[in-house]
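Structure, as structure tokens:
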Amino acid sequence: TQLLEQSPQFLSIQEGENLTVYCNSSSVFSSLQWYRQEPGEGPVLLVTVVTGGEVKKLKRLTFQFGDARKDSSLHITAAQPGDTGLYLCAGGGAAGNKLTFGGGTRVLVKP
Amino acid sequence: EAEVAQSPRYKITEKSQAVAFWCDPISGHATLYWYRQILGQGPELLVQFQDESVVDDSQLPKDRFSAERLKGVDSTLKIQPAELGDSAMYLCASSLARSGGAAGKDTQYFGPGTRLTVL
């Protein structure tokens, strides 16, 4: 069974601070996706990374896939209250489109 | 922009009752997924359909849960009888490609979910 562990489980910071969320596994994934979920809504895809060592940037968000494709990180620079939400990582298998989700990191950005 | 539709958004029921959830995926999407998300945790796949066929239902508690996608379009997930531990968010997602697509090339789009409370 493939498992993804996210850390920390909860993060509370002030507006303008930086934060990093980690996603780790002992298994290799063919792809790694990051989602953000707001209360009462479904997850929304932020990014997909497929190559070991890949780094993607979306405005203030930076995503990195580990060289061995077992871990990933999400870094947010100068966090804003609108970044508040549940951040989920999900690993994709070699085929079948099946995703394995981590437990999520709840981020609270206080104004 | 096309979206995955789910209904109802909220459902409160008593244990031992039957409940049903409906999902209408994005038009043209071949693959449909049902997930269960317990509060404070990540989603867990219950069942995956490709068109009208079940691809993976290994995590579906088949003694009380059933799912169908008769015409390969919309889908229904049923629980009978509901138990207290079934309280959770039930999410539906759809993706364009069929199973076996290239890694990371097929995005899953999620609906808003149905929050079930079993009393």
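- With a threshold of 4.5 angstrom between heavy atoms, A:L86 approaches chain B through side-chain atoms but not through N, CA, C or O.
- A donor-acceptor contact shorter than 3.5 Å is absent between the side chain of A:H75 and the backbone of A:F63.
- A:Q37 touches chain B through its side chain: at least one heavy atom from C-beta onward sits under 4.5 Å away, while N, CA, C and O do not.
- Only the side chain of A:Y35 comes within contact range of chain B, judged by heavy atoms closer than 4.5 Å.
- Looking only at heavy-atom pairs under 4.5 Å with chain A, the residue among B:G42, B:G40, B:P43, B:G113 that has the most is B:P43.
- Of the possible polar contacts, none joining the A:S31 side chain to the A:V50 backbone as a donor-acceptor pair under 3.5 Å is found.
- For B:Y35, the part lying under 4.5 angstrom from a heavy atom of chain A is the side chain only.
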Would you please test B:Q108 and A:Q33 for side chain to side chain donor-acceptor pair (under 3.5 Å) and show each step? CA-CA 10 Å; B:Q108 292 188 25; A:Q33 301 182 355; over 6 Å; no
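- B:K15 places no side-chain N or O within 3.5 Å of a backbone atom of B:V118 that could act as its donor or acceptor partner.
- When heavy atoms are compared at a cutoff of 4.5 Å, B:Q6 does not approach chain A at all.
- A donor-acceptor pair under 3.5 Å is absent between the side-chain atoms of B:S75 and the main chain of B:C23, judged by distance alone.
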